[in-house]
Amino acid sequence: MDRLAGAGLADLGFCEKDLAQTASLTWRINVLKGERQAVIPGHVYQRPELLVGVADFVGDSYKLAKLCAQSPAKVIVFCGVRFMAETAKILNPEKTVLLPAPGAGCSLSESITVAEVRRLRAQHPGVPVATYINTSAAVKAESDVIVTSANAACILGRLFAKHPKVIFIPDELMGRNLAAALGKKVGEELIIWKGTCIVHDKFDAFAIALYREIYPGVRILAHAECSPALVALVDFVGGTGDMMGYVEKTRAPYYMLVTECGLGELARMRFPEKNFVFMCRLCPYMKMTDLRGVLRALEDPPLSARLEVPADIAVRAKAAVRRMFELAEDTVKL
Ligand code: SF4
């Protein structure tokens, strides 16, 4: 209980009763984790008690993909959404990968099908397909390279150095932000898709000026999945890892993180000396995972929690992920 309270849960409003229940569950999970030789990666948008209580490492999709590939564990209990667990399975075909909340999808991942990727390729022959990591394994398998919000601009820049045109799927808003950052014309040089994140496409740009008025000196950071209108008004744009890095390295009277609420909670726990202003939204998919689900997955996982990716899809998807690590100049050995 003391460990959980001291790690920041008390500051987030966990009362003694909440802490006692959380402590009991985390203790059982951590014992079973050792017995099963399991590892628990936790995405930054997950519930704080999961991240503090049982996660072995916490990060964005890119960091979790790298660490899962390096882990010697036999079982991966993925606290995140389905496409992330699929990525872990693609990189670790010999390991058991469990998704405690089998219904945890993602609006972006579900916005595009294999048939639609093939149609785009047929419409733009020879044009490379760069695919955001928030996609199914089957869509990744149709792609030339996977990107994350942290490395998309770098990788697309490298593709444009060799190709006049690039296809970027499936996030329309991120595609428009990337086109603006790279000085490319949407529809002519950068072909984009119409998918959106149901969390980030709802933030309104008009509120930004209001927050600046109320909180003088506030630094406003937005996720790259937000609209170009909002992105144009903020101090920093990037993925969740970049946003945390920015908070760590700068000094400001207030910070506002325009993204899923989990990142703000994590920032409050990591940087208790800094002030955070909230304009955030909850992702219903990310919040489906809870401690009881993790315990169930370790004790007796239902069939639906076991991630399987057909071998032919896994091989092609892994090649696209591997290409990301190469183009992002990462030294991870897969
Ligand atoms: S926050 Fe958006 S992109 Fe992330 S899992 Fe939720 S719906 Fe998908």
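The first residue of the sequence shown is numbered 1, and numbering continues consecutively from there. Numbering of ligands and ligand atoms starts at 1, following listing order. As the structure is a computational prediction, the values presented were derived from the model and not from experiment.
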- Query: Mind checking what makes disulfide (SG to SG under 2.5 Å) contact with C261, not counting sequence neighbours?
  - Reply: C280
- Message: I'd like to know if D235 and R212 make a salt bridge, using a cut-off of under 4.0 Å between side-chain N and carboxylate O.
- Response: yes
- Under-4.0 Å salt bridge between R176 and E172: yes
- Item | Residues which pass salt bridge (Lys or Arg N to Asp or Glu O under 4.0 Å) with E299, listed by chain and number, not counting sequence neighbours | R28
- What protein N/O/S atoms sit under 2.8 Å from atom 2 (Fe) of ligand 1, by chain and number? C197 SG
- Determine yes or no for a side-chain-to-main-chain donor-acceptor pair under 3.5 angstrom, with W193 supplying the side chain and G175 the backbone. no
- Query: Is W27 isolated, or which residues cluster with it under the ILVMFWY side-chain rule of less than 4.5 Å, directly or via members?
  - Reply: V31
